[in-house]
Number of protein chains: 2
Amino acid sequence: MRSHSHTASAVTTQSEAYSPCENCNVAQMSLCHALSCEELRELSAISTSLEVGRGVTIINETDSADYLFNVTAGSIKLFKLLPDGRRQMTGFLFPGDFLGIAMNDLYAYSAEAIEDSRLCRFPREKLEGLLSRLPQLENRLLNMVSHELVLAQDQMLLLGRKTAVEKVSSFLITLVKRGGESSADKHLVPLPMGRSDIGDYLGLTTETVSRTLTNLKKQKIIAIPSGGGIEILDQESLNELAEGLD
Amino acid sequence: MRSHSHTASAVTTQSEAYSPCENCNVAQMSLCHALSCEELRELSAISTSLEVGRGVTIINETDSADYLFNVTAGSIKLFKLLPDGRRQMTGFLFPGDFLGIAMNDLYAYSAEAIEDSRLCRFPREKLEGLLSRLPQLENRLLNMVSHELVLAQDQMLLLGRKTAVEKVSSFLITLVKRGGESSADKHLVPLPMGRSDIGDYLGLTTETVSRTLTNLKKQKIIAIPSGGGIEILDQESLNELAEGLD
DNA sequence: GCGTCATATTGACCTACATCAAAGACACAG
DNA sequence: CTGTGTCTTTGATGTAGGTCAATATGACGC
């Protein structure tokens, strides 16, 4: 990691590595959750671990959807493009999340590494074979996709009906909720993506994101320490701003 | 049907009706698709048919998610609300679609009948019991939810990055695609929902939807016959408008 | 240290869409 | 046929957030 190359990613098949999935630190929140040892072994047999540097494209919208992925380290951005280049982020992924949803065997979005990251890769055909034999796995996948769908609906409400402040506040809150467990201080949320990525996620411009953040800073609701990340000073006000309660 | 009452819906358990699901006309596109006779019998044993009049609320956001539904006739709107009443439609459902996705055992959205409609209702607990025994059913559900997720991502692109014309054009096109098979003339799309419902689906106001439609009419791209519905006169131009290709 | 490059912030101005307000257009009841 | 309520269309005006442009800030290499 820490290689800042934008070149093709290093690939290691799990058979080369020792103890492939058994001691995976994200298993409890990933696709592999709730699988028996035996089932885990079957899954690991078809998986490949790969590392990608910051900025590397993992999948391309409309490419043939040959693989599914599970993020194990770093962070990934998902997005769709319009012909003239307008971009909409459809999600940010962190360890435990999966990607590779398809429509007619084509990926529904592009994915790119925000920082150096690691993923588990499963050939779609082999995984679908496993699904019919491992009902636990299929059930797990169903739960993960359903959860994604609920989040997508929240995002529709945000994109269609919230103001800039409400959007930015909501975004910060979801980051707190997700990163909550991992960070020592719950109130300092890491922000690996740039302002323009955030803008494209919230349906705003870079400039509006920046202005809104400085307004929140002036109101002492957040602090923006140099070195990245955002510090939440007044969670209560932020919650109210996010729902338009003022 | 055709009852315009807004009262509680009539309920009939499938056991009362003869041949409950075997001759269901929407089976091939619904949850029940790809099930064997035996499996279909198991599913029908836990299902209840119910009819709802126009305007009747089927589920309420944040209510306990005790049931899943499959639409068999009519049309349903799904939406989420902000505390101050702003509304975002998350989808319109037609025969074959399902609803009842939950988050922490609470419904993620409200659902209301746009016109007199019929649904199949499944108690969640019993259905989940069936899922573990009928892998075909679980697989079917996974495919349906995945498909929903892809559509949700398209909608995010629309809400976050498209202009009013692009939004309305895209909306008309998806209606053509969905209703294509059922209508005799492919170019006349039914529009059971009102302008304000469309606005809340596209992140626009009623007025902007109306203005945009009359613009498209002036350009001879669509016609708006009295009696409801929209006639597509120039599908090609509409496709281009939807993607911002001009 | 200093220059370079990428990203973030701030300011001045503009426009697409919202808001507010007033007619039309139907559907239905009596 | 006429009144009433609901939904749609059209017009006049306002504004949140976009666009364009100029610094500022920071990370990294040398």
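To find a chain, count down the sequence lines: A is the first, B the second, and so on, and within it residues start at 1.
Taking atom NZ on B:K167 and atom P on C:dA16, their separation rounds to 14 Å, with Å as the unit. One atom, CD1 of A:I114, and another, P of C:dA6, lie 19 Å apart when rounded to the nearest Å. Atom P of nucleotide D:dA16 and atom CG of A:N215 are separated by 12 Å, given to the nearest angstrom. Computed from coordinates, the B:R54 CZ to D:dT6 P distance equals 11 Å when rounded to whole Å. Between the CG atom of B:D84 and the C1' atom of C:dT19 there is a distance of 15 Å, given to the nearest Å. Spacing between atom CG of A:L202 and atom C1' of D:dG18 amounts to 15 Å, rounded to whole angstrom units. Between B:L158 atom CG and C:dC17 atom C1' the separation is 15 Å, expressed in whole Å.
Considering only the side chain of A:L204, D:dG17 comes nearest among D:dG17, D:dT19, C:dC26.
Between B:F92 and B:Y201, the ring center distance clears the sub-6.0 Å criterion.
Between B:R161 and A:R87, the closest side-chain pair of non-hydrogen atoms is not below 4.5 Å.
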(request) List the protein contact pattern of nucleotides 8-15 of chain D with one symbol per nucleotide (5' to 3'): B for base contact, S for sugar-phosphate-only contact, - for none; contact means a heavy-atom distance under 4.0 Å. (result) SBBBB---
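At the phosphate of D:dA16, neither OP1 nor OP2 sits under 4.0 Å from any side-chain N or O atom of A:T163.
Toward the 5′ end of DNA chain D lies the nearest nucleotide of A:T205, the other residue of the pair A:G227 and A:T205 mapping further downstream.
Cation-pi geometry between B:R121 and B:F69 is not satisfied (NZ or CZ under 6.0 Å from the ring centre, within 45° of the ring normal).
Not one N or O on the side chain of B:K77 forms a donor-acceptor pair closer than 3.5 Å with the backbone of B:A111.
If you check every strand for non-hydrogen atoms under 4.0 Å, A:G203 touches sugar and phosphate atoms only.
Counting only N and O atoms by type, the side chains of B:K162 and B:S170 include a donor and acceptor under 3.5 Å apart.
A:E115 and A:R54 are not joined by a salt bridge, as no carboxylate oxygen comes within less than 4.0 angstrom of a charged side-chain nitrogen. Ion pairing of A:R86 with B:E166 is present here, as a side-chain N (NZ or NE/NH1/NH2) and a carboxylate O approach within less than 4.0 Å.
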